[in-house]
There are 2 protein chains.
Amino acid sequence: MSLPYRDPCKACLNCDVRRKAVCSALKDDEVGELERVMSFVKLEANQILLEEGEPRRRVYSLTSGMLRLSLALPDGRRQITGFLMPGDFLGLADDDTYSQTAEAVIPSGLCSFSVRDMDQLMERFPHLKDRLHLMTRAALRQARETQMILGRLAPSEKVASFLLIMSNRAAAHGLPESPVHLPMTRTDIADYLGLTIETVSRTFTKLKTQGLIHLPDPHSVEIADKARLATVAGITLH
Amino acid sequence: MSLPYRDPCKACLNCDVRRKAVCSALKDDEVGELERVMSFVKLEANQILLEEGEPRRRVYSLTSGMLRLSLALPDGRRQITGFLMPGDFLGLADDDTYSQTAEAVIPSGLCSFSVRDMDQLMERFPHLKDRLHLMTRAALRQARETQMILGRLAPSEKVASFLLIMSNRAAAHGLPESPVHLPMTRTDIADYLGLTIETVSRTFTKLKTQGLIHLPDPHSVEIADKARLATVAGITLH
DNA sequence: CGTCCCATTGATTGCTTTCAAAACCGGTGG
DNA sequence: CCACCGGTTTTGAAAGCAATCAATGGGACG
């Protein structure tokens with residue numbers, strides 16, 4: 001499965017996501033407490049971290065790479081409920097068991113905590129608890145935005161929204177707004193937007209033909225006309 | 001708009017949702033503190049309680065009736081993100097501003113609190129805060145289930161799932177599993193499931209023809225064959 | 001009894017899905 | 001260096017199904 005180990009070089013204080021992740025709730029002199037109970041996990045591309053229905057024993061903070069969260073139907077259909085980016089927390093929604101599956105989209109690194117340790121730390125550092133609650137609320141708002149995208153947007157609007165959202169998130173992580181790097185496959189995008197891979201692919205082609213985007217390669221999207229892309233998206237971005 | 005007043009007769013201790021709502025986190029001798037800062041609001045059918053984008057000054061606990069939460073697009077399209085039933089809390093997801101609109105489906109009653117008062121009470125009674133966090137996590141799981149319904153289920157599956165979910169929720173509130181009472185209009189159901197009203201109506205008719213449900217009137221659905229309905233839903237219920 | 005709103009039913013259109021095939025890309029091995 | 005192979009993406013053709021447009025039915029209310 002995964003390879004838990006403690007990385008002595010990458011101290012929390014120098015971590016890339018020190019100011020974005022849960023640990024931003026802790027002061028520099030407090031974060032050592034977190035580090036003490038933490039282990040570090042590396043995942044290869046497509047490696048499963050945890051599965052829907054398993055007991056929730058550990059929670060994670062993503063430091064690098066990307067994860068996909070998904071729900072599956074008995075017949076194999078899949079809905080991706082979200083993509084996690086560095087700084088995002090895994091395990092916000094669950095109590096006793098994981099409610100969804102988490103897999104790596106690309107090689108990824110995570111801080112791992114036992115639920116028991118995390119609960120103890122939350123009692124000691126109320127800010128930590130508040131921060132997790134804040135992140136849960138943000139996740140809920142995001143899930144509802146996604147409900148709108150899934151329920152009421154046409155395919156082109158879905159894809160356009162997706163590109164703008166990914167572009168915004170990239171910017172929030174200090175990466176360029178464009179070109180957007182989409183590490184996931186067309187199947188992932190389809191399963192996220194409630195479409196088929198063919199429709200996703202055709203929509204990319206259409207947006208390209210209309211001059212709204214360029215596609216140097218399937219995983220890179222250069223946003224050529226953000227204003228018009230936003231019009232196509234039909235959704236006002238936060 | 002709404003009619004805030006304090007109802008002297010309906011003490012919290014005798015409230016219908018005393019054991020289901022937020023206040024279940026408080027002991028009988030603590031709940032008076034909640035009551036002291038509470039006001040009671042009554043809404044008529046279709047009355048708007050609060051709108052997307054407004055500053056979040058108050059939060060609510062629904063005691064009777066039903067609310068719909070929705071997001072709107074500039075062009076008028078609407079996505080209903082959920083229906084609130086007695087005991088549910090309103091304002092879980094938001095920080096500074098409401099992220100969605102809340103309207104009464106039918107005449108409804110709510111306990112109303114200023115955010116400031118509620119924050120103070122949460123500091124005094126940590127269980128209250130924990131309870132709200134718990135409810136937020138449940139809302140997040142529910143939103144993700146809904147993502148699956150919206151993204152990956154066919155219309156009949158959507159409607160069947162909707163009926164089973166409403167039936168389950170009714171049961172959880174001490175009401176009969178069947179017949180299910182659906183106070184909302186076909187338009188509401190369509191905007192919740194990402195369909196048109198015609199498709200919703202046709203699907204009800206189809207399920208009726210197949211003998212899975214009876215429709216004594218448009219707002220009452222008797223589940224005639226729960227097992228087969230669950231098969232059509234294609235989704236395993238919690 | 002007439003009006004309004006909502007739900008249902010009908011007919012047609014259009015778009016996404018489905019089914020199928022071709023193109024592309026990186027890696028491997030001859 | 002080139003041929004081959006698996007996986008992914010793109011493109012093509014056809015079919016199916018929900019959306020759309022339109023009309024009818026039904027219940028509540030004045």
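Each chain gets a letter, A, B and so on, in the order the sequences are listed, and its residues count up from 1. Predicted model, so just to flag it, every value in this text is computed and none were measured. What's counted below: heavy atoms across the whole structure, side chains too, no hydrogens, waters or symmetry copies.
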Which protein N or O atoms sit under 3.5 Å from an N or O of nucleotides 16-18 of chain D?
none

I'd like a list of close polar pairs between nucleotides 7-13 of chain D and the protein, N/O only, cut-off under 3.5 Å.
unit_1 : atom_1 : unit_2 : atom_2 : d
D/dT9  : OP1    : A/R186 : N      : 3.2
D/dT9  : OP2    : A/R186 : N      : 3.1
D/dT10 : OP1    : A/R186 : NH2    : 3.2
D/dT10 : OP2    : A/R186 : NE     : 2.8
D/dT10 : OP2    : A/S201 : OG     : 2.9
D/dT10 : O5'    : A/S201 : OG     : 3.2
D/dT11 : OP2    : A/T205 : OG1    : 2.6
D/dG12 : N7     : A/R202 : NH1    : 2.9
D/dG12 : O6     : A/R202 : NH2    : 3.1
D/dA13 : N6     : A/R202 : NH2    : 3.4

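Remark: of the listed residues A/L90, A/I80, A/D88, A/L90 is the sole one forming a side-chain contact (heavy atoms from CB on, under 4.5 Å) with A/L69.
Looking at every heavy atom in both residues, B/T63 comes nearest to B/L110 through OG1-N, 4.0 Å.
B/H214 places no side-chain N or O within donor-acceptor distance of the main-chain N or O of B/K208, the cut-off being under 3.5 Å.
The side-chain hydrogen bond (donor to acceptor under 3.5 Å, both in side chains) analysis of residues 65-76 of chain A, with sequence neighbours excluded, yields the pairs A/N46-A/R68, A/R68-A/E103, A/R68-A/D188, A/D75-A/R77. Residue pairs meeting the ring pair (Phe, Tyr, Trp, His ring centres under 6.0 Å) criterion with at least one partner in residues 152-199 of chain A, sequence neighbours excluded, are A/F83-A/Y192, A/F162-A/Y192.
Between A/I223 and A/E177 there is no side-chain heavy-atom pair separated by less than 4.5 Å.
Atom CZ of residue A/R141 and atom OG1 of residue A/T136 lie 10.5 Å apart, to the nearest 0.5 angstrom. The distance from the CG atom of A/L207 to the CZ atom of A/R228 is 10.0 Å, given to the nearest 0.5 Å. Put simply, CG on A/D191 and CD on A/Q79 are 7.0 Å apart, with the number rounded to the nearest 0.5 Å.
With a heavy-atom cut-off of 4.0 Å to chain A, the contacted part of DNA chain C has its first and last nucleotide at C/dT16 to C/dC19.
Annotation: side chain to side chain contact (heavy atoms under 4.5 Å, CB included) contacts of A/A170 (sequence neighbours excluded): A/L175.
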